[in-house]
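A quick note: this is a predicted structure, and the numbers were derived from the prediction, not measured. In the text below, chain A, chain B and the rest are named by the order of the sequence lines, each starting its count at 1.
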There are 2 protein chains.
Amino acid sequence: MHESRASERGDSVTGRALAVLDSFDAEHRRQPLGAIARRTGLPLTTVHRLVHELERHEALVRGPDGDWEIGSKIWRLGTLASVHVDLREVALPYMEDVYALGNDAVQIAVLDGLRCLVVDRIAGSRTMSVLSKPGSRLPLHATGVGKVLLAFGTTELQEAVLGSLDRYTDRTITDAETLRPQLRTIRSQGFAVTREELTPGATSVAVPLRGRRGAVTAALGVVSPSESAEVSKMVPVLQVTAAALSSKLVETGLA
Amino acid sequence: MHESRASERGDSVTGRALAVLDSFDAEHRRQPLGAIARRTGLPLTTVHRLVHELERHEALVRGPDGDWEIGSKIWRLGTLASVHVDLREVALPYMEDVYALGNDAVQIAVLDGLRCLVVDRIAGSRTMSVLSKPGSRLPLHATGVGKVLLAFGTTELQEAVLGSLDRYTDRTITDAETLRPQLRTIRSQGFAVTREELTPGATSVAVPLRGRRGAVTAALGVVSPSESAEVSKMVPVLQVTAAALSSKLVETGLA
DNA sequence: CCCAGTATTCCGCTGAGCGGAATCCGCCGC
DNA sequence: GCGGCGGATTCCGCTCAGCGGAATACTGGG
């Protein structure tokens, strides 16, 4: 299926270079040349030329074992993105405050297609290590922050997500008719709770963050071990923080 | 001087696309098309084609005002870079601990050419707001973390940096013969102090972080208002933390 | 040494990329 | 409303940068 010239598939050099970068993810942080070629579907020679060109411009670096990985130039450019500047940088002190109040891991996420994108999390050395890392894309229906984004999302989003609900634990809600009223409750009560729906042993609580025009643009949540989770304590802390943070986000211009 | 075809300047499409991305920095986070063309030196039409291609692949986004900015795809890819995964993610809990002990802003940095690259910093809502943001590139000779990296850097690095020492405040050391013995002291005592050398009112203390083979690969520092800075208290906290963190960094493979 | 897998090099071919020029668009001042 | 200006977009003939199959080199394990 990869027998025709790249140009016959209507892609540009820029597109192909970005496809190379896009072949990297958390499970494929470091890759040999052949793996990149296989994952992109591009001919080996093309990938070979592209990775070397990307290396020349510091977008990729090559480790001592010859494997390729994303270079710090990309990271540095990424710190200019709105998700970093307008959200993460603004939210971080507030997340610190939430963390200081309960020593529970704190995270923020935004909507990204049909998933939520974890923007950052605060986790001291004593908190849960299962917490998803920045850059992770999580299911909307099985995480606190995801449910918030889903509940306050468009009808189209909800229908698309409810159309296929994957299972992660035996607590995951995979029945649309069970989840739909939950979303309505989340909307009205202004917070979401998930109990071991993505990860065994982890309970999370999340609230919406609003940007300009009051639109829900992100979600703030905490994740705790289920046996020590204090939902009724977490909710007011999160809601007060979210109100202050939302004001700040309006100021700094998050869309 | 931009009259010849791009190809006559020996650059590739990939290189030019990356030059477009590279035209963005903290002072030019959002740019109109013409500004990108001016800053890259590429013809307007070329830039026009490239930004639209980059937008197609989510590397750039366009704001409501028509200006271009870095997209979250780049940010997400950046979270795969070693500086993020192997350093920042590992160091963050330790930085939290340092912060919790003194409420002073904490930062980590790595060497990047002849400057230091700020990887992250912890600053609650009550700490100094002049602290440099992730992705900032600071002078080596005028910051605590920078001096550490310089002191433990190669002779070539030191000579290159000592060759031109810019002034930032009236406290900045711009005389190589004053700085050189300082670097030796930093090496032997294992920490660096700067007092208002980059920013009026800010004192910073920093210590080295070591990766594999004991090489200094990063620096950990705190920044406080000069009137409340307690250097003699900060140093042991930083050094103990750095020892623990360095062990961790060896484990996780930071080069 | 042999083999298999991986990375690199080679090179004739051609259409993707080039960019100056023309056109369109939006905003502002009169 | 009009004109001017700055910025963005479109057009299109031209050509060499990019293409990728094939050959070659390299590396590691048996």
Please report the distance, rounded to the nearest Å, between [atom1] in [X] and [atom2] in [N].
X: A:Leu42; N: D:dG20; atom1: CG; atom2: P; value: 8 Å
X: A:Asp11; N: D:dG20; atom1: CG; atom2: P; value: 11 Å
X: B:Leu54; N: C:dG17; atom1: CG; atom2: C1'; value: 14 Å
X: A:Arg49; N: C:dC10; atom1: CZ; atom2: C1'; value: 12 Å
X: A:Leu50; N: D:dA17; atom1: CG; atom2: P; value: 16 Å

Legend entry - All ring pair (Phe, Tyr, Trp, His ring centres under 6.0 Å) counterparts of B:Tyr168, not counting sequence neighbours: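 Checked B:Tyr168 against ring pair (Phe, Tyr, Trp, His ring centres under 6.0 Å); matches are B:His141.
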Legend entry - B:His48: ring pair (Phe, Tyr, Trp, His ring centres under 6.0 Å) partners, not counting sequence neighbours: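 Per chain and number, B:His48 pairs via ring pair (Phe, Tyr, Trp, His ring centres under 6.0 Å) with B:His52.
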Inset, instruction - Please list, chain by chain and in numerical order, all residues satisfying side-chain contact (heavy atoms from CB on, under 4.5 Å) with A:Thr169, sequence neighbours excluded. - result: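 In terms of side-chain contact (heavy atoms from CB on, under 4.5 Å), with neighbours along the sequence ignored, A:Thr169 is linked to A:Arg171, A:Thr172, A:Pro200.
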Inset, instruction - Can you sort out the partners of A:Ala244 under side-chain contact (heavy atoms from CB on, under 4.5 Å), two or more places apart, ordered by chain and number? - result: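 Scan of A:Ala244 (side-chain contact (heavy atoms from CB on, under 4.5 Å), adjacent residues dropped) gives A:Tyr94.
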Pair up each side-chain donor or acceptor in residues 60-69 of chain B with any protein partner under 3.5 Å, not counting sequence neighbours, and list the distances.
residue, atom, partner, partner atom, Å
B:Arg62, NE, B:Gly66, O, 2.8
B:Asp65, OD1, B:Asp67, N, 3.2
B:Glu69, OE2, B:Arg30, NE, 3.1

Legend entry - For A:Arg210, all residues meeting salt bridge (charged side-chain N to carboxylate O under 4.0 Å, His left out), sequence neighbours excluded: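 A:Arg210 satisfies salt bridge (charged side-chain N to carboxylate O under 4.0 Å, His left out) with no residue once adjacent residues are dropped.
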Inset, instruction - Please name all residues satisfying salt bridge (charged side-chain N to carboxylate O under 4.0 Å, His left out) with B:Lys133, sequence neighbours left out, ordered by chain then number. - result: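 By the salt bridge (charged side-chain N to carboxylate O under 4.0 Å, His left out) rule, B:Lys133 matches no residue at all.
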Legend entry - A:Thr40 side-chain N/O to A:Ile36 backbone N/O, donor-acceptor pair under 3.5 Å: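 The answer is yes, because a donor-acceptor pair under 3.5 Å joins these two groups.
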Inset, instruction - Using both pair distances under 3.5 Å as the test, note the stems of at least 3 consecutive Watson-Crick or G-U pairs that include DNA chain D. - result: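 For DNA chain D the paired stretches long enough to count as stems (3 pairs minimum) are C:1-30 with D:1-30.
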Under 3.5 Å between N/O atoms: give me all the protein pairs with nucleotides 7-9 of chain D, atom names plus distance.
residue, atom, partner, partner atom, Å
D:dA8, OP1, B:Leu33, N, 3.1
D:dA8, OP2, B:Gly34, N, 2.8
D:dT9, OP1, B:Arg62, NH1, 2.9
D:dT9, OP2, B:His48, NE2, 3.0
D:dT9, OP2, B:His52, NE2, 3.3
D:dT9, O5', B:His48, NE2, 3.3

